[in-house]
Amino acid sequence: MNKILFLIPLLLLVYCSNSDQSPIANQALVKPTLPVVESDVFNLKVVPEIKLHFSLAEWNKLLQNFDLNPKNEKKVVSNFTFTTNGRTVQLDSIGLKLRGNTSRRRPEGASGQVHNAAAPNWHHSHFAIDFSKFKDAQRFLGLNKINLKWFKDDPTYSREVYCYDLFRRFGCWNAPRSSYCKLTIEVEGDAAPAYFGVYELLESVDEDFIAKNSAQWGAGVGFLWKGYNLGSNKADFYSVNSIGAEFVSLTPSLSQYYAYDLKTRSAELPLAKNQLTEFIANLNMKTGTEFQNWIVTQMDVDLFLKTYATSVVLGMWDDYWVNCNNFYFYFAPNGKAYFIPYDYDNSLGTSAILSNSGTQNPLNWGPSSQRPLITKILAIPQYQTVYKNYVKSLTLLQNDYFTAGKSKIRIMAWQSMIAGFVSNDTGEDMILNDVPAYWGNQPNYRLLSGNSNGGNSGPANFFTTRIASIPW
């Protein structure tokens, strides 16, 4: 009996040492799979894949809502899959809507048409994803919302990606993050999914964005405003005629839009409106030393000047200073206000409104009147010096920021990474080409080639032209 008891563990030891099921063998043969983390999302060294799966009813609802009101904010249900380096995150019942202002369009077919499974007519469109719309606590790697943007009017597939990357490189932590992805859309019942090609994956400026930066501007959620140019009403920080919380109905005539649109704590609109109108009143009324002492208590002036220097160097004309458009303004819990740059696809030589965004003087970027948020600050000599120094730092050859050579290396690396994925089932935007938007007023600008003549005689490199235009 004792001999039998001795042999049992001996036999087990021999079996385990030769079996594929042994713990030691498993450790040697099976590599642990790392989870997907947030740094995988906004990573400019990889091109993850996003798949959106819709029921036929939900996809048709998206199309029909667009027909009722193209600007509608109604969200439909989709399933979401994110894959990178062989690792996957899957979420169901996310919310999805179309997004964009003048660039918003129907993702399939013509008005009145429903999904055509046999011969779909796909179109590139911008999408906004809300992970918690139908599941309160659902997040994607800590993110509540993300935006998917097609590269409208940018055959280089790089302009906005470059801009947000430059903001981050230069220490403008208040800018959102951006990267690339491949987008596939599958509608229930189709023989095959539709590949929409390479998209920009853009961080949403929302409550989670605010929370991520709480170490900088304090814990809690303050009042976040988005600035628009609505024609007769503009977010110019001069007038206060159009302040509110946007309401968008499927019936266009019932919708309400505002130049200053409240994006957080909309139930407290009266309180938020009082704060904004008081800020604007003081901004315009105070002068001299009183203004200088006041503004430094109300804003992170240094960060604002660093952000605006970057924006102007990038040639962003569809902004606050020129067009009273495309920015957020956040009144933070720490008592200060922050300017948040946004929507930089019309940059780097895609030029309008300004006669030439590559040669415009950074001190005379937009109108000198009715833009007090920037012009009154730059009228203070010490702040103008700070601003000019930031512009200079961005353009110095020894710095890894805006110079033509180093910018070209970054852009070519991104293009090389995405080139094999650009061809897509929409048949649109399938060629990488170094030109600005076709509708711009300076068609000669290039990012990867060209001289520094400002587009006056043949192709001009935007980076060298912009640096040469700095008068100090």
Side-chain angles (χ1 to χ4, degrees), residues 61-62 64-76 94-106 125-134 143-149 176 202-211 221-280 318-320 323-332 337-346 373:
K61 186 189 296 184
L62 184 72
Q64 291 159 356
N65 287 345
F66 180 88
D67 293 343
L68 291 170
N69 181 4
K71 293 184 177 182
N72 84 84
E73 297 290 301
K74 296 291 184 182
K75 294 171 184 174
V76 301
I94 68 161
L96 179 141
K97 67 175 183 177
L98 301 176
R99 70 179 299 273
N101 188 11
T102 57
S103 60
R104 189 179 303 207
R105 65 175 182 166
R106 214 176 193 266
S125 303
H126 302 313
F127 301 99
I129 294 176
D130 183 345
F131 297 102
S132 65
K133 173 62 179 177
F134 302 109
L143 299 165
N144 184 28
K145 298 176 183 178
I146 56 171
N147 296 315
L148 300 174
K149 294 186 68 174
L202 178 60
E203 186 174 19
S204 179
V205 178
D206 56 12
E207 290 88 346
D208 283 354
F209 178 84
I210 290 170
V221 178
F223 292 121
L224 176 69
W225 299 89
K226 189 172 185 183
Y228 294 97
N229 183 333
L230 301 181
S232 58
N233 292 310
K234 301 177 177 66
D236 53 15
F237 283 84
Y238 182 78
S239 61
V240 292
N241 295 329
S242 181
I243 301 176
E246 180 181 84
F247 170 75
V248 184
S249 169
L250 287 176
T251 304
S253 61
L254 299 179
S255 300
Q256 295 177 318
Y257 304 96
Y258 301 93
Y260 308 91
D261 178 26
L262 182 62
K263 293 299 186 182
T264 57
R265 298 166 57 183
S266 57
E268 301 172 75
L269 176 59
L271 181 62
K273 187 173 182 178
N274 286 340
Q275 183 184 44
L276 178 60
T277 54
E278 182 180 1
F279 178 88
I280 293 173
D318 195 14
D319 64 342
Y320 164 71
N323 202 30
C324 302
N325 200 32
N326 287 329
F327 66 91
Y328 288 89
F329 200 71
Y330 178 52
F331 289 97
Y338 293 82
F339 183 91
I340 301 171
Y342 200 71
D343 210 350
Y344 276 70
D345 45 3
N346 293 335
L373 188 64

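Computed from a predicted structure; not experimentally measured. Sequential numbering from 1 along the given sequence is applied to the chain's residues.
Atom-to-atom distance recorded for Ile280:CD1 and Leu373:CG is 9.0 Å, nearest 0.5 angstrom. Atom CG in Asp236 sits 4.5 Å away from atom OH in Tyr260 (nearest 0.5 Å). Of the inter-residue distances, the one linking Leu271 atom CG with Leu262 atom CG reads 10.0 Å to the nearest 0.5 angstrom. Residue Leu96 holds its CG atom at 5.5 Å from CD1 of Ile129, rounded to the nearest 0.5 Å. To the nearest 0.5 angstrom, Asn325 atom CG is 10.5 Å from Lys234 atom NZ. In this structure, Tyr330 OH and Thr264 OG1 are separated by 6.5 Å, a value rounded to the nearest 0.5 Å.
Residues Tyr258 and Ser242 come closest through the heavy atom pair CA-OG, 3.3 Å. Here the closest non-hydrogen pair linking Phe209 and Ile340 is CE2-CD1, 4.1 Å. Taking all atoms of both residues into account, the shortest heavy-atom contact from Phe247 to Ser249 is CE2-CB, 3.8 Å. Of all heavy-atom pairs spanning Ala235 and Phe327, the tightest one is O-CZ, 3.6 Å. Nearest approach of Phe134 to Lys75, heavy atoms of both residues: CZ-O, 3.7 Å. The two atoms that bring Asn147 and Ala128 nearest to each other are OD1-CB, 3.5 Å, heavy atoms only.
Partners of Lys74 according to the side-chain hydrogen bond (donor to acceptor under 3.5 Å, both in side chains) rule, which considers only residues two or more places apart in sequence or in another chain, do not exist here. Evaluation of the side chain to side chain contact (heavy atoms under 4.5 Å, CB included) rule for Lys263 yields Leu224, Lys226, Tyr228, Glu246, Asp261, Tyr328 as partners, not counting sequence neighbours.
Using a 4.5 Å cut-off on side-chain heavy atoms (C-beta onward), Ile243 and Trp225 make contact. Taking 4.5 Å as the limit, some side-chain heavy atom of Phe127 sits within range of a side-chain heavy atom of Leu98. Val248 places a side-chain heavy atom less than 4.5 Å from the side chain of Asn69. Looking at His126 and Ser103, their side chains come closer than 4.5 Å, going by heavy atoms from C-beta outward. For the pair Leu230/Tyr257, a side-chain contact is recorded, criterion being any heavy-atom separation below 4.5 Å from C-beta on. Leu202 is not listed as a side-chain neighbour of Tyr344, based on a closest heavy-atom distance of 4.5 Å or more. Looking at Phe237 and Tyr320, their side chains come closer than 4.5 Å, going by heavy atoms from C-beta outward.
For Tyr238, the OH atom is loosely surrounded, since the number of other residues' heavy atoms within 6.0 Å does not exceed 12. For Glu268, the CD atom is densely surrounded, since the number of other residues' heavy atoms within 6.0 Å is greater than 12.
The main-chain N or O of Val221 is found under 3.5 Å from a side-chain atom of Arg265 such that the two form a donor-acceptor pair. The backbone N or O of Asn346 lies less than 3.5 Å from no partner atom in the side chain of Asp318, so there is not a single donor-acceptor pair. Between the side chain of Asn229 and the backbone N or O of Asn323 there is at least one donor-acceptor pair closer than 3.5 Å.
Of the candidates Lys149, Arg104, Arg99, Arg105, Arg105 is the only one forming a side chain to side chain contact (heavy atoms under 4.5 Å, CB included) with Ser125.
A perpendicular orientation is assigned to the rings of Phe331 and Phe279, their planes being inclined by more than 60° (bins at 30° and 60°).
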Q: Under the side chain to side chain contact (heavy atoms under 4.5 Å, CB included) rule, what do Asp208 and Leu143 come out as? Steps first, then yes or no, please.
A: CA-CA 7 Å; Asp208 283 354; Leu143 299 165; 5.5 Å; no
Q | Worked verdict on Val240 versus Lys273 for side chain to side chain contact (heavy atoms under 4.5 Å, CB included) | A | CA-CA 9 Å; Val240 292; Lys273 187 173 182 178; over 6 Å; no
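Salt-bridge annotation for Asp206 and Lys145: absent, with no side-chain N of the basic residue lying under 4.0 Å from a carboxylate O of the acidic one.
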